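Here, residue 1 is the first one in the sequence, and each next residue gets the next number. Just so you know, ligand 1 is whichever comes first in the structure, and atom 1 is the first atom listed for that ligand. Keep in mind it's a predicted model, so treat the numbers as computed, not measured.
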Amino acid sequence: MEKILEVENLHVTFSTYGGTVKAVRGVNFYLNKGETLAIVGESGCGKSVTSNAIMRLIPDPPGKISNGRILFKGQDLTRIGEKRMRSIRGVDISMIFQDPMTALNPTLTIGTQLMEGLRDHYKVSAQEAKKKALEMMTLVGIPNPEERLKQYPHQFSGGMRQRIVIAIALICEPELLIADEPTTALDVTIQAQILELFEKIQEATGVSIILITHDLGVVAKIADRIAVMYAGKIIETGTKRDIFYRPEHPYTKGLLHSVPRLDVKGDLIPINGTPPDLFSPPKGCAFTARCPFAMEVCDKVYPKESKLTDTHRVDCWLQDERAEQLMATTALK
Ligand code: SF4
């Protein structure tokens with residue numbers, strides 16, 4: 001399969017009066033053409049910072065991509081100038097943000113906002129831009145597009161506004177779409193419609209999607225592969241099947257046990273404790289303080305990545321070939 005995006009050893013830091021926050025600490029992942037990768041994790045784990053880094057939207061200062069490469073179709077986005085990046089942003093790579101109301105300008109009509117990107121990046125006539133805008137509105141399921149084009153964001157419901165945001169993101173036919181919590185601000189029935197829309201759009205356009213979410217229900221619906229993030233690192237990756245049916249990292253298992261599932265009986269089990277302070281993250285596994293299986297080594301040395309199958313990888317000492325010996329010789333917490 002052709003890889004459209006490869007992120008290698010990505011580090012993002014933020015300088016503050018209190019010190020340097022290491023928000024993303026050596027993230028590696030790839031995205032195949034036409035697939036949907038979900039990046040999952042709790043608030044503050046670095047998932048949105050990772051997606052903003054791909055778009056080069058980290059405010060510098062105080063933020064900084066301090067190390068690593070972001071290869072989009074082989075080109076390292078961390079090394080190109082802002083002018084070149086502007087020609088990629090919104091054209092080759094588009095982003096959808098969480099809240100459709102703040103993503104739209106309340107003073108401009110939907111038509112103006114839809115056509116703006118197209119006219120900025122391509123030299124198309126007003127007539128051609130309008131034709132494309134109407135096509136996009138139809139694709140995302142807006143009824144009476146001709147009439148709705150002349151209306152303002154406040155005349156649309158939350159779900160319809162998110163459809164417009166999706167249409168704006170897709171109008172220049174990007175090859176990569178990054179959706180950051182695209183359904184969080186919507187109610188449950190509208191969420192389901194928007195997720196179906198993503199599937200329909202991917203089928204129609206072949207766009208590759210990175211979905212940033214904390215919601216495992218969303219992931220179960222549309223992801224092909226999943227990367228689980230914790231404290232600035234990806235700690236487990238696999239196909240949807242690997243993660244939902246054969247999770248190996250104790251944090252992934254904890255996440256799955258803490259949300260209601262129809263196929264699993266029993267009480268929900270919360271993950272006790274809080275994530276570590278990213279001003280001074282631990283040298284070893286950042287989940288040590290919350291992990292019921294933690295060993296002495298976990299706190300001191302970061303586990304190397306264990307390749308469980310061709311698709312499934314995990315960073316955990318329990319999967320290390322030396323685990324049994326370590327458990328026998330070190331005190332369990
Ligand atoms: Fe738990 Fe140790 Fe595995 Fe971290 S490396 S998840 S602390 S067992």
Side-chain angles (χ1 to χ4, degrees), residues 7-12 21-29 37-47 49-50 212-216 219 223 225-259 261 264 266-333:
V7 174
E8 296 174 356
N9 193 29
L10 181 69
H11 288 254
V12 182
V21 181
K22 297 166 188 82
V24 172
R25 307 184 296 132
V27 156
N28 295 290
F29 68 88
L37 171 75
I39 303 183
V40 188
E42 59 199 318
S43 299
C45 71
K47 54 191 193 308
V49 176
T50 302
I212 308 290
T213 183
H214 66 278
D215 185 339
L216 288 168
V219 172
R225 285 188 306 115
I226 299 170
V228 183
M229 267 192 99
Y230 185 76
K233 284 181 181 284
I234 289 179
I235 46 98
E236 185 162 10
T237 52
T239 60
K240 189 160 62 180
R241 253 182 184 280
D242 292 333
I243 300 296
F244 276 94
Y245 294 106
R246 295 179 291 273
E248 288 298 347
H249 197 286
Y251 175 66
T252 313
K253 289 181 185 177
L255 271 186
L256 290 166
H257 285 135
S258 60
V259 291
R261 283 172 65 180
V264 179
D267 295 336
L268 296 181
I269 308 165
I271 307 174
N272 290 322
T274 49
D277 179 359
L278 291 180
F279 279 108
S280 53
K283 251 170 58 192
C285 170
F287 194 55
T288 309
R290 305 171 81 183
C291 178
F293 309 101
M295 298 169 278
E296 277 184 7
V297 67
C298 299
D299 199 24
K300 295 186 179 82
V301 186
Y302 191 78
K304 69 176 170 60
E305 182 186 81
S306 298
K307 190 176 168 190
L308 308 177
T309 66
D310 281 349
T311 54
H312 195 180
R313 280 144 203 256
V314 64
D315 292 3
C316 175
W317 276 107
L318 291 176
Q319 299 305 320
D320 193 285
E321 60 271 17
R322 292 161 294 169
E324 269 185 37
Q325 191 195 339
L326 285 166
M327 281 198 267
T329 55
T330 62
L332 282 170
K333 286 195 167 182

Using heavy atoms and a threshold below 4.0 Å, how should the contact between C291 and ligand 1 be classified: side chain, backbone, both, or neither? side chain
Between E321 and K304, does a salt bridge (charged side-chain N to carboxylate O under 4.0 Å, His left out) hold up when you go through it step by step? CA-CA 11 Å; E321 60 271 17; K304 69 176 170 60; 3.7 Å; yes
Heavy-atom side-chain proximity of P275 to C45 below 4.5 angstrom: no
Hey, which atoms in ligand 1 end up nearer than 4.0 Å to a heavy atom of H249? 6 (S)
At what distance is the nearest protein heavy atom to atom 4 (Fe) of ligand 1, and which residue and atom is it? C285 SG, 2.4 Å
Pick from V297, L318, D299: the one approaching atom 8 (S) of ligand 1 most closely through a non-hydrogen atom: L318
Contacting atoms of ligand 1, where contact means under 4.0 angstrom from a heavy atom of W317: 3 (Fe), 5 (S)
Exactly one of K307, R246, E236 should register a side chain to side chain donor-acceptor pair (under 3.5 Å) with H312. Which one does? E236
Answer yes or no: is there a side-chain heavy-atom contact under 4.5 Å between E42 and M229? no
When you compare the side chain of K233 with that of Y302, does any pair of heavy atoms fall below 4.5 Å? yes
Nearest non-hydrogen protein atom, atom 2 (Fe) of ligand 1: C298 SG, 2.3 Å
Starting from atom 3 (Fe) of ligand 1, what is the nearest protein heavy atom, named by residue and atom, and what distance separates them? C316 SG, 2.3 Å
Aromatic plane relationship, Y230 with Y251 - under 30° parallel, 30 to 60° tilted, over 60° perpendicular: tilted
